[in-house]
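Contents: one structure, followed by commentary.
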Amino acid sequence: MRALLALTLICLVPLAQAAVQTREIRYQDADGNALIGYYAYDDAIEGKRPGIVVVHEWWGLNDYAKRRARDLAALGYNALAIDMYGDGKNTEHPADAQAFMAAALKDPQAAARRFDAGLDLLKLQPNTNKHQLGAIGYCFGGKVVLDAARRGEKLDGVVSFHGALATQTPAKPGVVRAKILVEHGAADSMVTEQQVAAFKAEMDAAKVDYRFVSLPGAKHGFSNPDADRLSHGEHGGPDIGYNKEADEKSWADMQAFFKQAFD
């Protein structure tokens, strides 16, 4: 009877739950621009763990980018959604998004410094393993993380989700350190077949360790549940759309990719 009572009491005691903690961190890039990062980690994990930078879509540092940082934290990573536009700017107006993106990409070296500032901030967090680092990016952010890999950032792995593939700074043999995973929508009208072919040729010529996944029926923005709404917003919108199957497949691919990259 006592054994049964003890077992009952044990079953009534709630198990310790992982708790994802978040906070905003203000920082600056080397050019003195004011930036806002969104940091997420699981405080139930002891010790250091790999760090992953998250780079937002062309909409800016919005709730979606922050959600992906929390998703990564729930997987056991330290995650920092960085700010490529300054002051945490974000929008749902395509014209504003285009303007923000154009300004951020006007000077590739300035964009690189802004990415570096976010990566450095992640490395400064006390529970980040500075020797195990990665980056993921969406749309505009996909281009940002691919360009980071192209210039030889010390990253173990980089993942682009429906990212832009064209670049002003193509990869060169012996420079790229990171393994690369590209999750691309086969029905993405915003990335041409010629750009896909050019990207693959670039990676092959530079002898990069990369994998290119083409997801059937998926449009640009396939990972973002808000894509359908944003494509039909009051201001009009780009040819984007959410695809649940592609979203889940690409996220599973990412998990397997980082498990191997950090091994």
Side-chain angles (χ1 to χ4, degrees), residues 13-25 27 35-57 61-84 115-139 141-142 144-146 148-149 153-163 177-183 209-211 213 215 222-225 244-263:
V13 175
L15 296 175
Q17 296 295 313
V20 172
Q21 304 295 322
T22 64
R23 69 173 183 270
E24 289 190 344
I25 306 175
Y27 64 111
L35 309 169
I36 301 174
Y38 181 84
Y39 177 53
Y41 66 100
D42 186 343
D43 69 354
I45 299 175
E46 295 183 1
K48 297 184 181 294
R49 74 295 305 260
I52 299 178
V53 167
V54 180
V55 187
H56 53 75
E57 298 172 287
L61 184 58
N62 58 11
D63 289 341
Y64 178 62
K66 294 175 182 179
R67 179 206 130 188
R68 285 308 192 184
R70 295 193 299 272
D71 290 344
L72 286 166
L75 293 175
Y77 299 113
N78 272 5
L80 180 71
I82 68 171
D83 179 7
M84 291 295 295
F115 176 87
D116 289 345
L119 181 61
D120 289 343
L121 179 63
L122 178 59
K123 289 191 287 188
L124 284 174
Q125 306 314 306
N127 50 4
T128 298
N129 183 339
K130 291 184 279 190
H131 303 291
Q132 290 185 308
L133 298 168
I136 69 173
Y138 297 84
C139 179
V144 171
V145 300
L146 289 173
E153 291 280 6
K154 293 181 179 179
L155 299 166
D156 294 293
V158 158
V159 184
S160 166
F161 296 89
H162 44 85
R177 303 165 184 255
K179 293 180 172 62
I180 292 176
L181 172 64
V182 173
E183 296 286 334
D209 184 348
Y210 80 103
R211 180 184 174 208
V213 179
L215 298 158
F222 63 77
S223 72
N224 188 343
K244 185 174 186 293
E245 183 177 356
D247 177 20
E248 293 176 352
K249 169 68 165 58
S250 61
W251 192 251
D253 285 349
M254 180 212 71
Q255 291 181 66
F257 171 79
F258 277 128
K259 183 176 181 180
Q260 183 180 38
F262 292 139
D263 187 2

To check you understand the geometry: which heavy-atom pair defines the closest contact between [X] and [Y], and what is its length?
| X | Y | result |
| --- | --- | --- |
| Ala79 | Ala73 | CB-N, 4.5 Å |
| Phe115 | Ala135 | CZ-CB, 4.1 Å |
| Ala40 | Thr22 | CB-CG2, 4.0 Å |
| Gly118 | Ile82 | CA-CG2, 3.6 Å |

Could you label the plane-to-plane angle of the Tyr138 and His162 rings as parallel, tilted or perpendicular, counting under 30° as parallel and over 60° as perpendicular?
->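 Ring orientation of Tyr138 relative to His162: tilted.
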Keeping to residues at least two apart or across chains, list the side chain to side chain donor-acceptor pair (under 3.5 Å) pairs with something in residues 71-80.
->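 Qualifying pairs: Tyr39-Asn78, Arg49-Asn78, Arg67-Asp71, Arg68-Asp71, Asn78-Asn127, Asn78-Thr128.
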Glu24: salt bridge (Lys or Arg N to Asp or Glu O under 4.0 Å) partners, not counting sequence neighbours =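 Result, salt bridge (Lys or Arg N to Asp or Glu O under 4.0 Å) vs Glu24: Lys66.
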Considering only heavy atoms from C-beta outward, does the side chain of [X] approach that of [Y] to under 4.5 Å?
| X | Y | value |
| --- | --- | --- |
| Gln125 | Ile25 | yes |
| Val182 | Tyr210 | no |
| Ile52 | Ile136 | yes |
| Val145 | Val159 | no |
| Arg70 | Tyr38 | yes |
| Phe161 | Asn224 | no |
| Leu155 | Leu119 | yes |

Is the CG atom of Asp120 crowded by more than 12 outside heavy atoms at less than 6.0 Å?
->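 Enclosed.
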Side-chain donor-acceptor distances from residues 249-263 under 3.5 Å, at least two apart:
from   : atom 1 : to     : atom 2 : distance (Å)
Lys249 : NZ     : Asp253 : OD1    : 3.1
Lys249 : NZ     : Asp253 : OD2    : 2.7
Ser250 : OG     : Ala246 : O      : 2.9
Ser250 : OG     : Asp247 : O      : 3.0

Is it true that a side-chain atom of [X] and a backbone atom of [Y] form a donor plus acceptor pair closer than 3.5 Å?
| X | Y | answer |
| --- | --- | --- |
| Asn62 | Ala65 | yes |
| Lys48 | Pro126 | yes |
| His56 | Met84 | yes |

First locate atom [atom1] of [X], then atom [atom2] of [Y], and finally report the distance between them rounded to the nearest 0.5 Å.
| X | Y | atom1 | atom2 | value |
| --- | --- | --- | --- | --- |
| Leu215 | Glu245 | CG | CD | 8.5 Å |
| Asn129 | Leu122 | CG | CG | 10.5 Å |
| Arg177 | Asp209 | CZ | CG | 15.0 Å |

